[in-house]
Trainee: 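Before we start, here is the structure in question, set down as structure tokens.
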Amino acid sequence: MAVVESSFRALPDTDRRLLDAADRTDIGLWVLEKRGPTLNLSEAALNLHGLPSAAPRIALKSFCAAIHSDDRDAVETALGNGLRSGTPFSLRYRTGGGDTPSEWVELTSAGHPDESAGAACHGSCRRITDRVRTEGDLRRRIAQHKGVEELGTFALRQDDLQEVMDRAVAIAADIFDVPLTKILQFEGAADALTLKAGVGWAEGLVGKARVGVEMESQAGYTLASDHPIIVDDLRTETRFDGPPLLHEHGVRSGMSVIIAGVGTRPFGVFGIHATDVRVFDELDVETLTALANIVANSARQAEARAQNRLLMSEMAHRAGNLLQLVSAIANQTFGAMADPKSAQEAFRERLAALSRANDLITRSGWSPTRLRDIVDQTLQTFSSRVEVSGRDILLPPELCFDMGLVLHELATNSAKYGALAGETGTVELRWSLGQPKDGKRAFMLEWRDGHPSDSSQGTGRGFGSRLKRALIEQKWGGAITVETGRGYTFRCEIPVPA
């Protein structure tokens, strides 16, 4: 194609038709002239760089100003070399920048054209944004796949859960190319998560920082939503505010997924965060979920090993204690009830309650146990008639065991004399854990029965009342209050280790 002095618009008819065809395929043509130096651009080339079509001839410096600032030097250097040597070359760069959407362009130089026309080099340019994104996505997917494989292999050989978590957050930072990653563990009191492992956080935060589980935090929202959460821009996020931990580190975008735990109680949350606006998709979520699942499996294995060790050491001790407890229940039951048949039935029910509590806690390895599991197990006969509310807390196994006996006595009493004796009555059961103080937390439980209860329960003369006081006040150093004015309300407060 001949090079002319003025512009592409002055080409002969044959060349004009070829130029029009190139424009219709979005292929731009350009000529770099030594005068100026100046670039002569076709219509498609002008449009591709966001330049006005009224000025097809443009100074090289002005042309480079339309290039993304990160790529501008490379383009200017390549065109400068072409101006001096005319050697063919090819390069990729982005247009625009700042608030202007960027496009990827591939510019190719064919070298020297007709020297008599005063041109240094000429060539073509075309938009390759989709290709670059596809290539980038492919590289990203390959890196993510390798990262998941690396963590899985490492976790199989590693018994130390902390080592697995540390490797997981490091791999996540690498494959997602983000400055901040974290694993938050759900605390036993169910009121916060602890930063157990992380990359990029301020010195001293890992292992100590706590994040609330309220809906205002991203982690809390993730737990409550029970599905992965993608944040496009924290500054414009409307579902939650985000905890101070994220704002203090300049977080803009990110993802978080739940790390499954034993049963229905989650282990925690795995999150990644960027300080610029990013776009994360479902494949990114799947990769982060895969990493979280590996951590979850390692956590289960670590817990199982710890439970086995603890269970072996507790078995002999528990056997003697259980025999003593059974003997005490038998003596109190048969000695306090004149009717042998009623005494036998009461003893069988109490023994069954003791067995259920012992079985549940033994299966958990005699380790911190979900109070909700004890409640569900003990009150399964009345599950539709007991309104339960309280955080998904963990309590010491011995305390959970004793609370199973206390709840059995409360339910039995209500089934005989209270709301559960009828067909439609309900009771309310709620609990909470107070804030740590002097190394202890106050565990508080309330059983509210709207129907009057038997007089022995209210005065503390029955075996059920004596058993509750022996367990709560004498064994655990707690306190019991009972109200019988309008119905029956039982409250207890027990100090437990923080």
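Values below: every heavy atom of this structure, side chains too, minus hydrogens, waters and symmetry copies.
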Trainee: Under 3.5 Å, which donor-acceptor pairs link side chains of residues 292-299 to any protein atom two or more places apart or in another chain?
Mentor:
| from | atom 1 | to | atom 2 | distance (Å) |
| --- | --- | --- | --- | --- |
| Asn293 | ND2 | Thr289 | O | 3.3 |
| Ser298 | OG | Ile294 | O | 3.3 |

Trainee: Which heavy atom of Ala168 sits nearest to which heavy atom of Phe270, and what is that distance?
Mentor: O-CZ, 3.7 Å
Trainee: Could you give the distance from OG1 (Thr95) to CZ (Arg72), rounded to the nearest 0.5 Å?
Mentor: 11.0 Å
Trainee: From Leu29 CG over to Ser124 OG, what is the distance, rounded to the nearest 0.5 angstrom?
Mentor: 6.5 Å
Trainee: Quick one: which residue pairs count as a salt bridge (Lys or Arg N to Asp or Glu O under 4.0 Å) with a foot in residues 260-269, not counting sequence neighbours?
Mentor: Arg265-Asp392
Trainee: Tell me, please, which residues at least two apart from Asp241 pass side chain to side chain donor-acceptor pair (under 3.5 Å).
Mentor: none
Trainee: Going through the checks in order, is the side chain to side chain contact (heavy atoms under 4.5 Å, CB included) test met by Asp160 and Gln158?
Mentor: CA-CA 6 Å; Asp160 190 329; Gln158 180 58 252; 3.1 Å; yes
Trainee: In the structure I gave you, are the side-chain heavy atoms of Tyr221 and Arg239 within less than 4.5 Å of one another anywhere?
Mentor: yes
Trainee: Checking Glu149 now: which residues fulfil side chain to side chain donor-acceptor pair (under 3.5 Å) with it, not counting sequence neighbours?
Mentor: none
Trainee: How many angstroms lie between CG in Asp284 and CD1 in Ile272, if you round to the nearest 0.5 Å?
Mentor: 7.0 Å
Trainee: For a quick check under 3.5 Å, do Trp476 and Asp402 share a side-chain donor-acceptor pair by atom type?
Mentor: yes
Trainee: Phe89: what forms a ring pair (Phe, Tyr, Trp, His ring centres under 6.0 Å) with it, not counting sequence neighbours?
Mentor: none
Trainee: For the residue pair Gln162 / Asp166, report whether a side-chain donor-acceptor contact shorter than 3.5 Å exists.
Mentor: yes
Trainee: In a table with atom names and distances, give each donor-acceptor pair under 3.5 Å that connects a side chain of residues 205-214 to protein atoms at least two apart or in another chain.
Mentor:
| from | atom 1 | to | atom 2 | distance (Å) |
| --- | --- | --- | --- | --- |
| Arg210 | NE | Glu187 | OE2 | 3.0 |
| Arg210 | NH2 | Glu187 | OE1 | 2.9 |

Trainee: What are the two closest heavy atoms between Thr378 and Gly404, and how far apart are they?
Mentor: CG2-O, 3.6 Å
Trainee: Where do Ser389 and Trp431 land on the side chain to side chain contact (heavy atoms under 4.5 Å, CB included) test, with the steps shown first?
Mentor: CA-CA 7 Å; Ser389 63; Trp431 63 81; over 6 Å; no
Trainee: Using the salt bridge (charged side-chain N to carboxylate O under 4.0 Å, His left out) rule, take Arg127 and Glu106 through it: C-alpha gap first, then chi angles, then the decisive distance, then the call.
Mentor: CA-CA 6 Å; Arg127 178 184 179 275; Glu106 183 178 61; over 6 Å; no
Trainee: Taking all heavy atoms of Leu32 and all of Pro37, pick out the closest pair and write down the distance.
Mentor: CD1-CB, 4.3 Å
Trainee: List the residues meeting side chain to side chain donor-acceptor pair (under 3.5 Å) with Thr275, not counting sequence neighbours, and say none if there are none.
Mentor: none
Trainee: In sequence, state the C-alpha distance, the side-chain angles, and the governing distance for Trp201 and Lys182, and then conclude on side chain to side chain contact (heavy atoms under 4.5 Å, CB included).
Mentor: CA-CA 9 Å; Trp201 306 100; Lys182 69 176 187 292; 3.7 Å; yes
Trainee: So does Val31 get a backbone contact from the side chain of Asn40, meaning a donor-acceptor N/O pair under 3.5 Å?
Mentor: no
Trainee: For residues 248-257, which side-chain donor-acceptor pairs fall under 3.5 Å, sequence neighbours excluded?
Mentor:
| from | atom 1 | to | atom 2 | distance (Å) |
| --- | --- | --- | --- | --- |
| His249 | ND1 | Leu245 | O | 2.8 |
| His249 | NE2 | Ala202 | N | 3.1 |
| Arg252 | NE | Asp233 | OD1 | 2.9 |
| Arg252 | NH2 | Asp233 | OD2 | 2.7 |
| Ser253 | OG | Asp232 | O | 2.4 |
| Ser253 | OG | Asp276 | O | 3.4 |
| Ser253 | OG | Arg278 | N | 2.9 |
| Ser256 | OG | Gln218 | NE2 | 3.2 |
| Ser256 | OG | Thr222 | OG1 | 2.7 |

Trainee: Between Asp137 and Arg133, does any side-chain N to carboxylate O distance fall below 4.0 Å?
Mentor: no
Trainee: Checking Glu446 now: which residues fulfil side-chain contact (heavy atoms from CB on, under 4.5 Å) with it, not counting sequence neighbours?
Mentor: Arg430, Arg448, Thr489, Arg491
Trainee: With a 4.0 Å cut-off on N to O distance, would you call Asp191 and Arg441 a salt bridge?
Mentor: yes
Trainee: Show every ring-ring contact (aromatic ring centres under 6.0 Å, His included) that has at least one partner inside residues 141-199, sequence neighbours left out.
Mentor: none
Trainee: Pair Thr87, Asn81 - check side chain to side chain contact (heavy atoms under 4.5 Å, CB included), show working.
Mentor: CA-CA 8 Å; Thr87 304; Asn81 291 336; over 6 Å; no
Trainee: Could I get the full list of ring pair (Phe, Tyr, Trp, His ring centres under 6.0 Å) partners for Phe63, not counting sequence neighbours?
Mentor: His49
Trainee: Please identify each residue that fulfils side chain to side chain donor-acceptor pair (under 3.5 Å) with Gln301, with sequence neighbours left out.
Mentor: none
Trainee: Going by heavy atoms in the side chains, are Leu394 and Arg370 under 4.5 Å from each other?
Mentor: yes
Trainee: Quick one: pull up SG in Cys121 and NZ in Lys34 and give me the separation to the nearest 0.5 Å.
Mentor: 10.0 Å
Trainee: Is there a donor-acceptor contact under 3.5 Å linking the side chains of Thr38 and Glu33?
Mentor: no
Trainee: Side chains of Thr287 and Arg141: any donor to acceptor distance under 3.5 Å?
Mentor: no
Trainee: Can you confirm whether Leu379 sits close enough to Leu429 that some side-chain heavy atom of one is under 4.5 Å from a side-chain heavy atom of the other?
Mentor: yes
Trainee: What closest approach, in Å, do Arg391 and Ala190 show between heavy atoms, and which atom pair accounts for it?
Mentor: NH1-O, 3.0 Å
Trainee: Rounded to the nearest 0.5 Å, what separation is found between the CG atom of Leu283 and the CG atom of Leu288?
Mentor: 13.0 Å
Trainee: In Å, rounded to the nearest 0.5 Å, how long is the span from CG of Leu193 to OG of Ser217?
Mentor: 7.0 Å
Trainee: Please report the shortest heavy-atom distance between Ala45 and Cys125, naming the atom on each side.
Mentor: CB-SG, 3.8 Å
Trainee: If every non-hydrogen atom of Leu223 is compared with every non-hydrogen atom of Gly268, which pair is closest and at what distance?
Mentor: CD2-O, 4.3 Å
